[in-house]
Each structure stands twice: as structure tokens, then as C-alpha cells.
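Everything below concerns the one structure shown next.
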Amino acid sequence: MSTDTPNQRIERSARVFNARERERSSGRSCLQSTYLYVPFMYTVREKRKREPRQTLLAQHFFLLDCMHRTRIIFFIMGRKRNQGKARKAARAKAKEAEELAKLQRSGLSHAKMLQDGTVQICTHGSGPFCYEGICHEFVTAFREEFYDAADQDDDADLSSCLIAAEDATKDEFSEVWNDSDKVEIAITFFLGEGAQHILEGEYDGAREKAVFARYLEQHVAFELKQTQATMNWVKIDEQWPMWDTMRGDVHTLVKFFRKRVPCKCLDEKYEQVKSITKMGRCCNAECPIPCGFVERSKTMYCSRCRNITYCSRECQKADWSDHKETCNECFARIADFEAEQQHDAVQQS
């Protein structure tokens, strides 16, 4: 081990540096830069003993580049300084977590704390345009008309209430019903509200918003863009509690909103509920299964209209007398729709 003092090591390094400089200037310089690392010590006085001693406060490394005559100094911070910074960062993180927990306890479970300390509240894709203007007036009126129709007839089913709400708002809000962009804004509003209901554990409110959003989606596809032959009522019904003993499964509900909102607020919730079995409904009124509530994987569509489901072949046969008229109408519409699509394809080719 060398016993040279720091000053002696620096002088020796300087001599090597000067020798290489002379070699470079004489044309015999090496092709690559040569780097010399010179450790350096501070000398301080200890206050209590009042005796000089050498203590390593910080170690500097002088990086000598013999080709370019440059020096770079690297500082290694002391341990106490590092520990102080770590404690400060831990306190800031704990304070941020506490403030975020307060917001979540107050109901803002979708609130996020940004790095600058401000709070960002996610609207799940529904911007300010959803809460003002004719589109907001439309969603308010549509919801009120839906529940008015349900209150007037206790035996009314979901489809009749939705159709009644559309008929009641068709004239006043024709500008919305006939414009797919405005209907999409209304859908965005329902999706944002429903996603927030899920985060707050209000699943009935989320089901209501899911039914409204799904119905408007079907309206756009069937009436405005004409990409399908009929309204798919099975997709609408699967989100709605048809009877007190039947509740749409949470798996289907969360997945519906998670696929449609642009944020990731529902990712954690979906991981919690994705193991729940998806449920469907047998449309035979005389189905032996209570309320016809069965696993969706066991349900079968009507092969002609594909607009109604059964749990078995026996239930389909038993319900044929009631379903026959509607099935024939849907089948005729599907045939006309497919024929028109084929005709358009031939003309385009």
C-alpha cells in the first residue's frame, strides 16, 4: 500500500500528464485519450479536541483527459446528506397519501394527486360539453320520461319504457335524435356518470346509466348509421334488473364501462370482479329456472332473429307461440338488410 501523501500523488500525476503532453506535441501521441483518476482529501479541525485531523468529507475525482486537456470533477455526497433527502421525500409522499385518502373518503374516489400538489378529478371522458347545452337538457328529459313511463304502468317492461321516453322527447330534441355526434355526447355523459357510480359502489345507478347508454348506442347503429338490421334488446336487457331477485352481474357491468371510458379508473375494480360468472336470461315466461336467470354461457340465441335467448331447446319450443310473430318480423328485416348490403357491395365493385 502506498504511503504517499495526497500532495505527492497530485504532483506525480501532474508529471505524468506533462510527459504525455510533450509526447503528443512531438507527434508520438497515443491514439486514444488516457484518463488519470486523482483522489483528493480535505483537512478539517475537530472542534472538541482542537487537533487537526484528516476526515473524508467528500471525495473528488479529477478526470484528466490527456488528449483534450479537460478536467471533470465528480462529487460523492456524504451519507448524512443522502439520509436527509430520503427523509424529506418520505414525508412529502406520506403527506400526499394522506391528502389523497381524505379526498377518497369524501367520495372523490377518482381523484388523483399530481406532482405539483394539485388535485385532478377524472371525469371518465365526459368533458364540460356534456354538462351544458342541449345535450345535457336531452339526457335530463330522457331520464325523467323513462321513469314517468315506469311509474304510470307497474307492469311495463324495460323496452316499453325506453320507447316511451324516446317518443316523448322526439319532437323537442329532434336535433339530438337525428345527429349521431350529439347522441354520442349524451352517451359519453352516461358512461362518465356510470363509471363514477361503480367507483362509489352504487351499482343500481350504474345499471341505469348502462341501459341508457346501450339504448342510445343501438339507436345510432340501427337508425342513424344503419349498420345493423334491428335493435339488439338482449344487449340492453343484460344490464337491467328485470325482477328483484335478478341483478345483472357486476362482471358484465364493470366490463361494459371499462371498455368504453378512456381512463384506467376501472382497471382495479375489474380485476376484483372478473372472476364473477356472467349471467343471462331465458326469455321463456314458463322457464323452470327461477326468473330464467342462468349462466350466460348456457344461453342460446334464436337462430332466426338472434334477438332473444333461451336456456334450452325445450324453452324455445314452449315460447314459440308468443315469439313467432316478433321473430318473423325481425327475420324479414334481417333478410332485407342483408340483401341491400349485398346489392351495395355489387355496385361498389
### Phe189 CZ to Leu216 CG distance, which is reported to the nearest 0.5 Å
11.5 Å
### Set of residues satisfying side chain to side chain contact (heavy atoms under 4.5 Å, CB included) with respect to Glu144, sequence neighbours excluded
Thr140
### Task
May I ask you to decide if Gln218's main-chain N or O and Asn232's side chain share a donor-acceptor pair within less than 3.5 Å?
no
### Message
Under 4.5 Å between side-chain heavy atoms, counting indirect links through other Ile/Leu/Val/Met/Phe/Trp/Tyr residues: same cluster for Trp233 and Trp320 or not?
### Response
no
### Query
Would Leu224 end up clustered with Phe222 when hydrophobic side chains under 4.5 Å apart are linked, directly or stepwise?
yes
### Message
I need the Tyr301 OH to Ser303 OG distance, nearest 0.5 Å.
### Response
13.0 Å
### Mutual orientation of the aromatic rings belonging to Tyr215 and Phe142 [parallel < 30°, tilted 30-60°, perpendicular > 60°]
parallel
### Task
Of all the heavy-atom pairs spanning Ile236 and Arg214, show the shortest one and how long it is.
CG1-CG, 3.5 Å
### Side-chain touch Phe190/Arg143, heavy atoms, less than 4.5 angstrom
yes
### Message
Donor-acceptor pair, distance only, cut-off 3.5 Å: does the side chain of His219 make one with the backbone of Trp177?
### Response
yes
### Message
Give me each pair satisfying salt bridge (Lys or Arg N to Asp or Glu O under 4.0 Å) with a member in residues 303-326, each pair once, sequence neighbours excluded.
### Response
none
### Query
Do Val250 and Phe257 belong to the same hydrophobic cluster, where Ile, Leu, Val, Met, Phe, Trp and Tyr are linked whenever their side-chain heavy atoms lie under 4.5 Å apart, directly or via other members?
yes
### Query
Any donor and acceptor pair, going by atom type alone, linking the side chain of His251 with main-chain N or O of Ile276 inside 3.5 Å?
yes
#### Entry: Pairs meeting criterion side-chain hydrogen bond (donor to acceptor under 3.5 Å, both in side chains) with involvement of residues 282-298, two or more places apart
Thr252-Arg296
### Query
Do His197 and Glu193 have a side chain donor and acceptor closer than 3.5 Å?
no
### Query
Is a side-chain donor or acceptor of Thr309 paired with a backbone partner of Arg281 at a separation under 3.5 angstrom?
yes
### Message
Rounded at 0.5 Å granularity, tell me how far OG1 in Thr299 sits from NZ in Lys278.
### Response
11.0 Å
### Task
Quick one: pull up NZ in Lys225 and OG in Ser180 and give me the separation to the nearest 0.5 Å.
5.0 Å
Show the atom names and distances, to 0.1 Å, of all donor-acceptor pairs under 3.5 Å that link a side chain in residues 329-340 to residues at least two apart or in another chain.
none

### Task
Treating Ile, Leu, Val, Met, Phe, Trp and Tyr as nodes and any side-chain heavy-atom pair under 4.5 angstrom as an edge, say whether Ile289 and Ile308 lie in one connected cluster.
no
### Summary
salt bridge (charged side-chain N to carboxylate O under 4.0 Å, His left out) filter on Glu268, not counting sequence neighbours, yields none
#### Entry: Residue pairs involving residues 170-184 (criterion salt bridge (Lys or Arg N to Asp or Glu O under 4.0 Å); sequence neighbours excluded)
Glu166-Lys170, Glu175-Lys182, Asp179-Lys182
### Query
Mind checking whether Met300 and Met279 sit in one hydrophobic cluster, side chains of I, L, V, M, F, W, Y counted as touching below 4.5 Å?
no
